[in-house]
Protein chains: 2
Amino acid sequence: MVTKQFSGLPEDADLSRADSLAREIFSDIANKWALLIIETLGEQTLRFGELRTGVEGVSHKMLTQNLRMLERNGLVDRTVYPTVPPRVEYTLTEAGRGLRKTVDGMCDWTQRYLGHIEASRRSFDD
Amino acid sequence: MVTKQFSGLPEDADLSRADSLAREIFSDIANKWALLIIETLGEQTLRFGELRTGVEGVSHKMLTQNLRMLERNGLVDRTVYPTVPPRVEYTLTEAGRGLRKTVDGMCDWTQRYLGHIEASRRSFDD
DNA sequence: CCGAATCCACAACGATACTG
DNA sequence: CAGTATCGTTGTGGATTCGG
């Protein structure tokens, strides 16, 4: 994705459509809250309120908004239990779990280079 | 990261400092343009203008802004050749190349689930 | 060619209130 | 408890300009 560079074909409408779709998806998921939600969900099944406290700092609005987006893209399953009070559970789909693996990679990376980054910041802020 | 849940220790100031730093870094890099820049740079060394056209749709301002941020965090090296007109080259550091691997993973994931996602979107938009 | 600063339109976001 | 809608504020990001 990102790249027509990999396509040798000069004129390919289908590829460019796939590219723009890929770009759209990328823009959807490459944001702080979406990735934090995915990481927090992990292998668990969580209720809305649990996610609310699990994803630290997220507002009610941002959480619903991102959950809708993730559901729309087929990354999370949303199950509503028509009880009273209502109970709504969220869990990662297979696609979601696939993405989660790469997000885990990002987290590992952050841990590994934490000191590195901290040092780089200090020398930059001279 | 993300999670004090993994720490058994109830009171650990250092861990929470590391956590908030990790969170800060995560917020920095978990954004569309930063990831696209990293992905576009790849193994190459590119000038500002080349990045400008390589990262499709990015504005002058966003590009400089994100490049500064990436430089500050030690993900890209910035080399200025004091010629006239000036020539500035950007390349990934070792840390940057490490992160790139996980971004590659995200791109692969996008490709694999493209059809999946497209279908999910259609059924969601009923 | 690259970078910084200014201006400003508009989207994102938080807070709040109301519904089932 | 979970979701939607509205409102007011903040802030993001594009266009433009100037300077090295």
Side-chain angles (χ1 to χ4, degrees), chain A residues 2 20 23-38 40-41 44-73 75-92 124-126, chain B residues 23-38 40-41 44-73 75-92 124-126:
Chain A
V2 165
S20 77
R23 187 61 171 267
E24 210 182 309
I25 295 165
F26 197 83
S27 300
D28 270 359
I29 61 178
N31 92 58
K32 186 184 166 181
W33 293 129
L35 296 184
L36 283 175
I37 288 168
I38 290 172
T40 303
L41 264 179
Q44 320 180 67
T45 295
L46 294 179
R47 299 184 56 173
F48 183 86
E50 294 169 331
L51 270 171
R52 181 96 164 76
T53 64
V55 181
E56 211 157 346
V58 74
S59 70
H60 188 106
K61 189 181 183 180
M62 284 303 98
L63 187 55
T64 25
Q65 209 169 89
N66 279 277
L67 282 171
R68 287 295 159 277
M69 180 274 286
L70 292 173
E71 186 192 0
R72 183 170 114 91
N73 288 321
L75 301 191
V76 303
D77 267 338
R78 176 170 176 271
T79 316
V80 180
Y81 298 91
T83 60
V84 43
R87 172 187 190 85
V88 183
E89 290 185 343
Y90 294 92
T91 185
L92 290 181
F124 186 91
D125 305 339
D126 48 22
Chain B
R23 187 60 171 269
E24 211 182 309
I25 295 166
F26 197 84
S27 301
D28 270 359
I29 62 178
N31 93 58
K32 186 183 168 182
W33 294 129
L35 296 184
L36 284 175
I37 288 168
I38 289 172
T40 303
L41 264 179
Q44 320 179 65
T45 294
L46 294 178
R47 299 185 56 173
F48 182 87
E50 293 171 331
L51 270 171
R52 182 99 166 74
T53 65
V55 181
E56 212 156 345
V58 74
S59 70
H60 188 105
K61 188 182 182 178
M62 284 300 98
L63 187 53
T64 26
Q65 207 169 92
N66 279 277
L67 282 171
R68 287 297 158 275
M69 179 274 288
L70 292 173
E71 187 192 358
R72 183 171 115 89
N73 287 321
L75 301 190
V76 303
D77 267 338
R78 176 169 176 270
T79 315
V80 181
Y81 298 92
T83 60
V84 43
R87 172 187 189 85
V88 183
E89 290 186 345
Y90 293 92
T91 185
L92 291 181
F124 186 92
D125 304 339
D126 47 25

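Chain identifiers are assigned alphabetically (A, B, ...) following the order of the sequence lines, protein sequences preceding nucleic acid strands; residue numbering begins at 1 within each chain. What you see below is based on every heavy atom in this structure, not just the backbone, and it leaves out hydrogens, waters and symmetry mates.
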Asker: In Å and rounded to the nearest 0.5 Å, what is the CD to CG distance from Glu89(A) to Leu46(A)?
Answerer: 8.5 Å
Asker: Okay, side chain of Arg52(A), backbone of Gly57(A): is any donor-acceptor separation there less than 3.5 Å?
Answerer: no
Asker: Measuring from the side chain of Arg68(B) (C-beta onward, heavy atoms only), which nucleotide among dC2(C), dA4(C), dG3(D) has the closest atom?
Answerer: dA4(C)
Asker: Are any of Arg78(B)'s side-chain N or O atoms less than 4.0 Å away from OP1 or OP2 of dC2(C)?
Answerer: no
Asker: Measure from the side-chain heavy atoms of Tyr90(B) and tell me the nearest of dC13(C), dC1(D), dG3(C).
Answerer: dG3(C)
Asker: Round to the nearest Å and state the distance from Glu89(A) atom CD to dC1(D) atom P.
Answerer: 15 Å
Asker: Is the backbone N or O of Leu75(B) less than 3.5 Å from a side-chain atom of Asn73(B), with the two atoms forming a donor-acceptor pair by type?
Answerer: no
Asker: dT12(D) C1' sits how many Å from Met69(B) CE, rounded?
Answerer: 14 Å
Asker: Could you please name the option among dC1(D), dG3(D), dG14(D) that lies closest to any side-chain atom of Ser59(B)?
Answerer: dG14(D)
Asker: Roughly how many Å is it from CG in Asn31(A) to P in dG13(D), rounded to a whole number?
Answerer: 11 Å
Asker: Starting at CD of Glu50(B) and ending at C1' of dC2(C), how long is that distance when rounded to a whole Å?
Answerer: 13 Å
Asker: Nearest whole Å is fine: how far is dA11(C) C1' from Lys32(B) NZ?
Answerer: 13 Å
Asker: When the distance from CZ of Arg72(B) to C1' of dG3(C) is rounded to whole Å, what number comes out?
Answerer: 19 Å
Asker: Do His60(A) side-chain and dG3(D) base share a donor-acceptor contact under 3.5 Å?
Answerer: yes
Asker: Identify which nucleotide among dG14(D), dA2(D), dT6(D) has an atom closest to any side-chain atom of Lys61(A), counting heavy atoms from C-beta outward.
Answerer: dT6(D)
Asker: Using whole Å, report how far CG of Leu46(A) lies from P of dC1(D).
Answerer: 15 Å
Asker: Can you work out whether Phe48(A) or Met62(B) has the more 5'-proximal nearest nucleotide on DNA chain D?
Answerer: Phe48(A)
Asker: Taking CG from Leu67(B) and P from dG3(C), how many angstroms apart are they, rounded to a whole number?
Answerer: 7 Å
Asker: Closest to the Pro86(A) side chain: dG20(C), dC2(C), dG3(D)?
Answerer: dG20(C)
Asker: Would you check if the side chain of Arg78(A) reaches a backbone N or O of Val88(A) as a donor-acceptor pair within less than 3.5 Å?
Answerer: no
